[in-house]
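The next block holds one structure in the form of structure tokens; read it before the comments.
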Amino acid sequence: MVFRFLGTLSQKLLYGVGVTMKPQVVFVLGGPGAGKGTQCSRIVENYNYTHLSAGDLLRAERAREGSEFGLLIDSYIKEGKIVPVEITINLLRKAMEETIQTDEKKFRFLVDGFPRNEDNLQGWTTVMDGKADVKFVLFFDCSNEVCILRCLERGKSSGRTDDNRESLEKRIQTYLQSTRPIIDQYEKQGKVRTVDASRSLDEVFADVKAILDKEG
Ligand code: UDP
Ligand code: MG
């Protein structure tokens, strides 16, 4: 008990004097099925990044026994709507904290599928401003038609409740109405790195590599 307390205390002290690095974040955005998750896995294999998918964290929270948010998350996901940020930001913050506590060298994060709307962005700013640096936005640009076809294909085996035509129509609408304006905001700040994501996995990854090698 005492040792555990001392352990936590020393971590806090280390953080206090700045030995622990501030999280460095790349937001990964793009339509449903644009290839965010697939490309993030490739990045993790080749670079020192930790992949945090907001959608995966929400699905895990939905499945967690005793979660008070399970039903809410379930209905938002099926409807292609965006879950209130209070839930998502806590999951992201916790995941980042746990990663850094386990290994202080793991302070680079790919935050995949977030921020998706104004509410998400505000929540991030409120909770994380000054506590993490957003380096840039990696934007997987893909036509809606290709996105829909990929998700329908994925739906054959993904078991996801939202990889069907009905949910997809709604997800695309949400993406166009709510997420694109967020990407546009970052674009105005010169923070967006765009990749043509309608090509093959290897072609897309070649561009991703070029971006990461340049940005460090
Ligand atoms: N979602 C959300 N907030 C987030 C990320 C995801 O509410 O920050 C929900 C939303 O309903 C979305 C669904 O989770 O449609 C699936 O997101 P995911 O990123 O897994 O889908 P992808 O874009 O990768 O196909
Ligand atoms: Mg995904």
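Atoms within a ligand are numbered from 1 in the order they appear, just like the ligands themselves. Here, residue 1 is the first one in the sequence, and each next residue gets the next number.
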Notebook entry, point to check: Near Phe114, which atoms of ligand 1 are under 4.0 Å from a heavy atom of that residue?
Noted result: 8 (O)
Margin query: So, regarding Asp112 and ligand 1 (criterion: nitrogen or oxygen to nitrogen or oxygen, under 3.5 Å), is there a contact or not?
Written below: no
Note to self: Please tell me whether Asp196 and Ser198 have a donor and an acceptor in their side chains that are separated by less than 3.5 angstrom.
What the structure shows: yes
Next item on the list: Verify the distance criterion only: is there a donor paired with an acceptor across the side chains of Asp163 and Ser158 at less than 3.5 Å?
Entry: yes
Next item on the list: Please examine the side chains of Val195 and Asp141, heavy atoms only from C-beta on, and report whether any two atoms are closer than 4.5 Å.
Entry: no
Margin query: Looking at Asp184 and Lys188, is there a salt bridge between them, counting it only when a charged N and a carboxylate O are closer than 4.0 Å?
Written below: no
Next item on the list: Do me a favour and list the nearest non-hydrogen protein atom to atom 19 (O) of ligand 1 with residue, atom name and distance?
Entry: Arg116 NH1, 3.1 Å
Margin query: Students should be able to answer this: which protein heavy-atom is nearest to atom 24 (O) of ligand 1, and at what distance?
Written below: Lys36 NZ, 3.6 Å
Item checked: Protein heavy-atom partner closest to atom 14 (O) of ligand 1 - residue, atom, separation in Å -> Ile77 CG1, 3.6 Å
Checklist line | Proximal atoms of ligand 1 relative to Arg59 (non-hydrogen, under 4.0 Å) | finding: 16 (C), 20 (O)
Notebook entry, point to check: Quick one: which ligand 1 atoms are inside 4.0 Å of a heavy atom on Gly113?
Noted result: 4 (C), 5 (C), 8 (O)
Note to self: I'd like to check which ligand 1 atoms, numbered from 1 as shown, lie under 4.0 Å from a non-hydrogen atom of Asn120.
What the structure shows: 8 (O)
Item checked: Under 4.0 Å to a heavy atom of Asp162 - the qualifying atoms of ligand 1, by number -> 13 (C), 16 (C)
Next item on the list: With heavy atoms under 4.0 Å as the rule, classify the contact between Val83 and ligand 1 as side chain, backbone, both or neither.
Entry: both
Next item on the list: Could you tell me whether Arg154 approaches ligand 1 through its side chain, its backbone, both or neither, with non-hydrogen atoms closer than 4.0 Å?
Entry: side chain
Note to self: With a cutoff of 4.0 Å, is Arg160 in contact with ligand 1, counting heavy atoms of the residue only?
What the structure shows: yes
Margin query: Tell me whether Arg93 is salt-bridged to Glu97, with the criterion being a basic N under 4.0 Å from an acidic carboxylate O.
Written below: yes
Check: Can any side-chain N or O of Asp133 pair as donor or acceptor with the backbone N or O of Lys135 at less than 3.5 Å?
Finding: no
Check: Of all the atoms in ligand 1, which lie at a distance below 4.0 Å from a heavy atom belonging to Thr88?
Finding: 8 (O)
Next item on the list: Looking only at protein heavy atoms, identify the closest one to atom 25 (O) of ligand 1 and say how far it is in Å.
Entry: Arg171 NH2, 2.7 Å
Item checked: Of Phe136, Trp124, Phe140, Phe139, the residue whose pairing with Phe27 passes ring-ring contact (aromatic ring centres under 6.0 Å, His included) -> Trp124
Item checked: Check: Gly37 main-chain N/O paired with Ser41 side-chain donor or acceptor under 3.5 Å -> yes
Note to self: Within ligand 1, which atoms have a heavy atom of Gly33 less than 4.0 Å away?
What the structure shows: 25 (O)
Notebook entry, point to check: By number and element, which atoms of ligand 1 are closer than 4.0 Å to a non-hydrogen atom of Pro32?
Noted result: 23 (O), 25 (O)
Check: Looking at atom 3 (N) of ligand 1, what's its closest protein heavy atom, distance included?
Finding: Leu58 CD1, 3.5 Å
Check: Do the side-chain N and O atoms of Ser200 and Glu203 include a donor-acceptor pair separated by under 3.5 angstrom?
Finding: yes
Note to self: Has Arg171 got a side-chain atom pairing as donor or acceptor with Pro32's backbone, closer than 3.5 angstrom?
What the structure shows: no
Item checked: Tyr175 versus Asn117, side-chain donor and acceptor atoms under 3.5 Å -> no
Item checked: Shortest protein contact, atom 11 (O) of ligand 1 (heavy atom only) -> Lys81 O, 2.6 Å
